[in-house]
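To start, the structure under review is shown below, and the notes come after it.
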Amino acid sequence: MNSIKTKIAMIGMYGGYYRGDYNPGCIMICLKTRQELKKRIENCEIDIFAIDVKTKSKGIVKEHKDGLDINFFPAGEGIALLESVLSQYDALVIGGDVIWSEDYEKDGKIFFLDSASFLTTKKPVVLFNCVHRFEPVKTKEHLFYNIEKRSKYIAVRTEFFRNELHKTGIDKVKAIPDPVLDLELKKVEKKARTKPLIGISVSLKLCDPLIAILKNTNLSQFDICFYAYSRQYDNHVTVMKMRSVFGDQFSYVLDYKDPVDTFEMIAGFDISVSDTYHGTISAIIQHVPFVCINTEPLISSRITYLLKPFGLENQIVSAYPETGESDAEMGNRCFQEFNRLINNPPSVESEQLRDVKEIIQQHFDDMANVIKESAGQLTNVSVMG
């Protein structure tokens, strides 16, 4: 048995943008990554650090959620934390999710390793785990120079973003499916019903367009439940607005649940309708037929790359305007797409997930090998190819 303890810090937006947000997808990435590294690295100790961009305090606030002890740190203290406490670890696993966005260029410099003193060090080893950025990389190449210089492993969420980084000269980067696609959850038995139950959760910006669609859609063969998925998107406001419009015609879940409970609630639906990336993943891994409302440009959309391995990238409602499309034309197209899909929603079976799961497992193998090599537990290992 190995007696050397390997200390790992996982650093990200675990929980969401600020303390108490607890975005389900962010928590699930954290749960999955911690679980897989624990499996592979003998005698490792993993601490979790999450950015909090809203706090006015100076210190770390510790909270416990879904089996995770999370250390929330103020955004402005990130670099100081990187240069002190975090430098004492053997490995820093940074990500996943959208930590390289414009939101963090100023208030999350830790995610860009923006520290001259840290860049001169060789330990801890730095790995980036399934990260993403919505905005263009062009003209912002300088943000990634430190990442290229100091990290040993970079994995991103889409081939599009990997290719964008290649254009900046970052070659040691790989695109992997989202790790949550390999998450194992307890099986939830669906209740017997006279009508299929559709669970719907959308952000406030899509509330009015969805109301217009639902008013003109024949839903008599379904029961409908609106629920609050994430505090990050103020979903409860959408639920309240839906209730003010439809009243007793539908049912409503106003209160936010813990992330694992939210995923299990989605498993209980017969059809899931969502405009969130991980809301769709929750349906996929629990074999729930789904209608995904995509709000990103199709060429770079996370949803496009999420559904592509299953041949379902065109089976969506695209709420992103096509070239030259008017608001009225887009609204009519979305109505047609929604009505087609709600009556024949796509789903993903276990065997269809097999290849994707293998890629994710290899990703965690590679990450663990980098960490073990750095800690002296492994020699002569090449992981990036």
Side-chain angles (χ1 to χ4, degrees), residues 2 4-99 104 107-108 110-111 123-131 178-180 182-186 229-232 256-264 278 282 364 367-368 371-372 375:
N2 176 35
I4 301 173
K5 181 172 286 187
T6 302
K7 294 187 65 179
I8 302 169
M10 288 173 48
I11 312 159
M13 49 181 288
Y14 302 125
Y17 289 103
Y18 58 93
R19 184 171 61 84
D21 182 84
Y22 295 121
N23 176 276
C26 297
I27 289 287
M28 295 305 182
I29 290 173
C30 190
L31 279 169
K32 178 64 177 176
T33 301
R34 182 179 183 275
Q35 176 189 80
E36 295 297 333
L37 292 180
K38 280 277 191 183
K39 280 183 193 175
R40 290 165 169 78
I41 303 174
E42 186 180 349
N43 197 25
C44 74
E45 181 180 288
I46 300 178
D47 295 325
I48 299 163
F49 294 84
I51 196 167
D52 183 352
V53 299
K54 299 288 187 179
T55 185
K56 303 297 183 183
S57 68
K58 289 287 186 180
I60 286 175
V61 177
K62 297 187 177 183
E63 294 194 3
H64 184 82
K65 182 64 64 173
D66 278 333
L68 299 171
D69 292 311
I70 305 176
N71 298 286
F72 285 94
F73 63 90
E77 301 295 315
I79 292 300
L81 191 67
L82 180 67
E83 295 172 345
S84 57
V85 173
L86 295 175
S87 288
Q88 306 306 308
Y89 285 83
D90 296 299
L92 307 183
V93 176
I94 304 179
D97 229 299
V98 195
I99 60 167
Y104 292 127
D107 294 326
I110 185 174
F111 298 140
K123 293 190 72 172
V125 65
V126 178
L127 305 89
F128 285 90
N129 174 38
C130 194
V131 293
D178 192 289
V180 182
D182 192 40
L183 187 68
E184 298 292 336
L185 297 169
K186 75 176 185 181
Y229 172 81
S230 172
R231 293 173 179 85
Q232 185 173 316
Y256 295 107
K257 297 178 179 289
D258 281 352
V260 170
D261 292 335
T262 300
F263 267 46
E264 290 177 356
H278 280 105
S282 176
F364 285 118
M367 287 182 67
I371 294 170
K372 288 190 285 188

Pair Asp178-His278, side-chain donor/acceptor within less than 3.5 Å: yes
Heavy-atom check, side chain of Ser282 versus side chain of Pro24, under 4.5 Å: no
Trace of the side chain to side chain contact (heavy atoms under 4.5 Å, CB included) decision for Leu92 with Val125: CA-CA 6 Å; Leu92 307 183; Val125 65; over 6 Å; no
Partner set under salt bridge (Lys or Arg N to Asp or Glu O under 4.0 Å) for Lys39, not counting sequence neighbours: Glu36
Partners meeting ring pair (Phe, Tyr, Trp, His ring centres under 6.0 Å) with Tyr22 (sequence neighbours left out): none
Contacts of type side-chain hydrogen bond (donor to acceptor under 3.5 Å, both in side chains), residue Thr262, not counting sequence neighbours: none
Contacts of Tyr256 that satisfy ring pair (Phe, Tyr, Trp, His ring centres under 6.0 Å) - sequence neighbours left out: His236
Passing candidate, side chain to side chain contact (heavy atoms under 4.5 Å, CB included) with Leu37, options Val93, Leu127, Asn129: Val93
Beyond-backbone contact of Cys44 with Lys5, side-chain heavy atoms, under 4.5 angstrom: no
Any side-chain heavy-atom pair of Val131 and Asp97 under 4.5 Å: no
Gap separating the CD atom of Gln35 from the CG atom of Asp182, nearest 0.5 angstrom: 8.5 Å
Exam field: side chain Asp21 to backbone Gln232, donor-acceptor pair closer than 3.5 Å: yes
With Lys65 via side-chain hydrogen bond (donor to acceptor under 3.5 Å, both in side chains) - residues at least two apart: Asp258
Which pairs would a plain distance check flag for residues 69-85, meaning a side-chain donor or acceptor within less than 3.5 Å of a matching protein atom at least two apart in sequence or in another chain?
residue: Asp69; atom: OD1; partner: His64; partner atom: ND1; Å: 2.8
residue: Asn71; atom: ND2; partner: Ile48; partner atom: O; Å: 3.0
residue: Glu83; atom: OE2; partner: Ser115; partner atom: OG; Å: 2.5
residue: Glu83; atom: OE2; partner: Ser117; partner atom: OG; Å: 3.2
residue: Ser84; atom: OG; partner: Ala80; partner atom: O; Å: 2.7

